[in-house]
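Below you'll find the structure, written out as structure tokens, and then a few comments.
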Amino acid sequence: MPNILDDHLADFRAMCDWALKLYFDTVSLFNENQVNGFTADMKYMIIENIILNVCSSWEKFLENIFIAYMQGKQSENGIAIRAYVSPTSDEHAYNLIKNVTTYPDWTDIAKIMINAENFFENGGSFKLLHTLKGDLNAIKKIRNAIAHTSKRAREDFENLVRGKIGHLPNDITPAKFVSEYKTGSRRADPTFFEYYINFLKDSASMLVEYKADAGV
């Protein structure tokens, strides 16, 4: 019998694999074809669109597994989470969520936790978001700097860059930051793009394949 939680996890992990492949293909294409008209702007545009797609998929993933947990679903590799409600459908579950937060924001950890603590014993697996929020907020700042032109979005992004690499390079953009800077000084260290995509992929597994002793 199909396991909806594991299906949601598999779909999101596949999205992450797609994102990494497209990222590496794009970087290789640029390195090999600069003289043939594949410009840096083209590379950056593709990378930023990949980020927006992954972030959108992450938000949908969180919503999907939240609704599945509300209906008592369980991963083959995780434990059951006690829900305080018994919705009869996805739509019913979503309406219950909207009764608590009219406009659910799956990028806002505080709002997610309000719902989690209302619907699940001890917040269920979503309490793990407390330990993940540093990198999740960093990804949100990168995403916002791509999607919005506000001064606040730009300032948040620039502060993130300063915090990660110690200074603010001239003409830095989200795509330049994630593709041209690494998490460490070693040659083998991943770029921030690789790091954050793999972080989301691993975080998704933690939320679905939840173990009681993994709680905080």
Side-chain angles (χ1 to χ4, degrees), residues 1-20 51-144 147 156 160 192 195-216:
M1 184 175 181
N3 186 305
I4 192 65
L5 272 168
D6 290 330
D7 288 346
H8 289 320
L9 175 59
D11 288 345
F12 181 72
R13 287 176 62 87
M15 163 59 78
C16 292
D17 290 339
W18 167 85
L20 287 166
I51 293 170
L52 291 178
N53 273 278
V54 172
C55 287
S56 178
S57 294
W58 171 252
E59 293 171 42
K60 187 61 178 174
F61 167 77
L62 289 178
E63 179 178 286
N64 285 339
I65 66 168
F66 199 102
I67 288 173
Y69 276 130
M70 287 176 71
Q71 297 178 76
K73 305 299 182 182
Q74 177 182 346
S75 165
E76 289 184 6
N77 296 315
I79 64 170
I81 292 174
R82 183 186 174 196
Y84 298 139
V85 293
S86 300
T88 56
S89 66
D90 288 359
E91 182 179 4
H92 184 197
Y94 188 71
N95 286 332
L96 290 173
I97 294 171
K98 290 200 298 181
N99 286 337
V100 178
T101 49
T102 305
Y103 300 103
D105 182 352
W106 300 102
T107 70
D108 189 321
I109 294 173
K111 289 182 179 179
I112 295 172
M113 291 312 304
I114 289 173
N115 280 317
E117 289 164 5
N118 271 284
F119 293 122
F120 307 119
E121 185 176 43
N122 298 321
S125 68
F126 295 93
K127 63 185 174 182
L128 298 177
L129 294 177
H130 286 303
T131 66
L132 305 172
K133 65 182 179 181
D135 282 335
L136 289 175
N137 285 334
I139 294 167
K140 181 178 180 179
K141 290 174 183 177
I142 294 167
R143 180 262 181 200
N144 286 348
D156 285 347
L160 171 68
F192 281 99
Y195 172 80
Y196 285 130
I197 297 299
N198 280 310
F199 165 79
L200 287 177
K201 186 177 177 180
D202 292 342
S203 297
S205 296
M206 291 171 62
L207 290 169
V208 169
E209 297 173 343
Y210 173 66
K211 304 295 184 183
D213 57 5
V216 292

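For this chain, numbers begin at 1 and follow the sequence in order. Computed from a predicted structure; not experimentally measured.
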Looking at [atom1] of [X] and [atom2] of [Y], how far apart are the two atoms once the value is rounded to the nearest 0.5 Å?
{"X": "Thr107", "Y": "Ile112", "atom1": "OG1", "atom2": "CD1", "value": "7.5 Å"}
{"X": "Leu9", "Y": "Glu76", "atom1": "CG", "atom2": "CD", "value": "11.0 Å"}
{"X": "Asn3", "Y": "Ser75", "atom1": "CG", "atom2": "OG", "value": "5.5 Å"}
{"X": "Arg143", "Y": "Glu59", "atom1": "CZ", "atom2": "CD", "value": "6.0 Å"}
{"X": "Lys201", "Y": "Asp17", "atom1": "NZ", "atom2": "CG", "value": "3.5 Å"}
{"X": "Asp7", "Y": "Lys73", "atom1": "CG", "atom2": "NZ", "value": "11.0 Å"}

* To do: Could you go through the side-chain contact (heavy atoms from CB on, under 4.5 Å) check for Met113 and Ile109 one step at a time?
  => CA-CA 6 Å; Met113 291 312 304; Ile109 294 173; 4.1 Å; yes

So which heavy atom on [X] is nearest to which on [Y], and how close?
{"X": "Asn53", "Y": "Trp18", "answer": "CB-CZ3, 4.4 Å"}
{"X": "Val54", "Y": "Ala19", "answer": "CG2-CB, 3.5 Å"}
{"X": "Leu207", "Y": "Tyr69", "answer": "O-OH, 2.7 Å"}
{"X": "Lys133", "Y": "His130", "answer": "CG-O, 3.3 Å"}
{"X": "Ile79", "Y": "Lys211", "answer": "CD1-C, 4.2 Å"}
{"X": "Val208", "Y": "Leu5", "answer": "CG1-O, 3.9 Å"}

* **Those residues that, when tested against Phe120, pass ring pair (Phe, Tyr, Trp, His ring centres under 6.0 Å) (two or more places apart)** => Phe66, Phe126

* Under the ring pair (Phe, Tyr, Trp, His ring centres under 6.0 Å) test, residues paired with Phe12 that sit two or more places apart -> Trp58, Phe61

* Excluding sequence neighbours, so at least two apart, what forms side chain to side chain donor-acceptor pair (under 3.5 Å) with Asp156? -> Arg152

* **Residue pair Asn118, Tyr84: steps toward the side-chain contact (heavy atoms from CB on, under 4.5 Å) verdict** => CA-CA 8 Å; Asn118 271 284; Tyr84 298 139; over 6 Å; no

* Asked: For Glu121 and Ile81, what are the C-alpha separation, side-chain angles and deciding distance, and is it a side-chain contact (heavy atoms from CB on, under 4.5 Å)?
  -> CA-CA 7 Å; Glu121 185 176 43; Ile81 292 174; over 6 Å; no

* To do: Report yes or no: does Glu91 contribute a side-chain atom to a donor-acceptor pair with the main-chain N or O of Asn95 at less than 3.5 Å?
  => no

* Would you mind reporting whether Leu136 and Lys140 have side-chain heavy atoms less than 4.5 Å apart? => no

* Measure the shortest side-chain to side-chain distance between Ile97 and Glu63 over non-hydrogen atoms and say whether it is less than 4.5 angstrom. => no

* With side-chain contact (heavy atoms from CB on, under 4.5 Å) as the test, would you mind laying out the steps for His8 and Ile4 before giving the verdict? => CA-CA 6 Å; His8 289 320; Ile4 192 65; 3.3 Å; yes

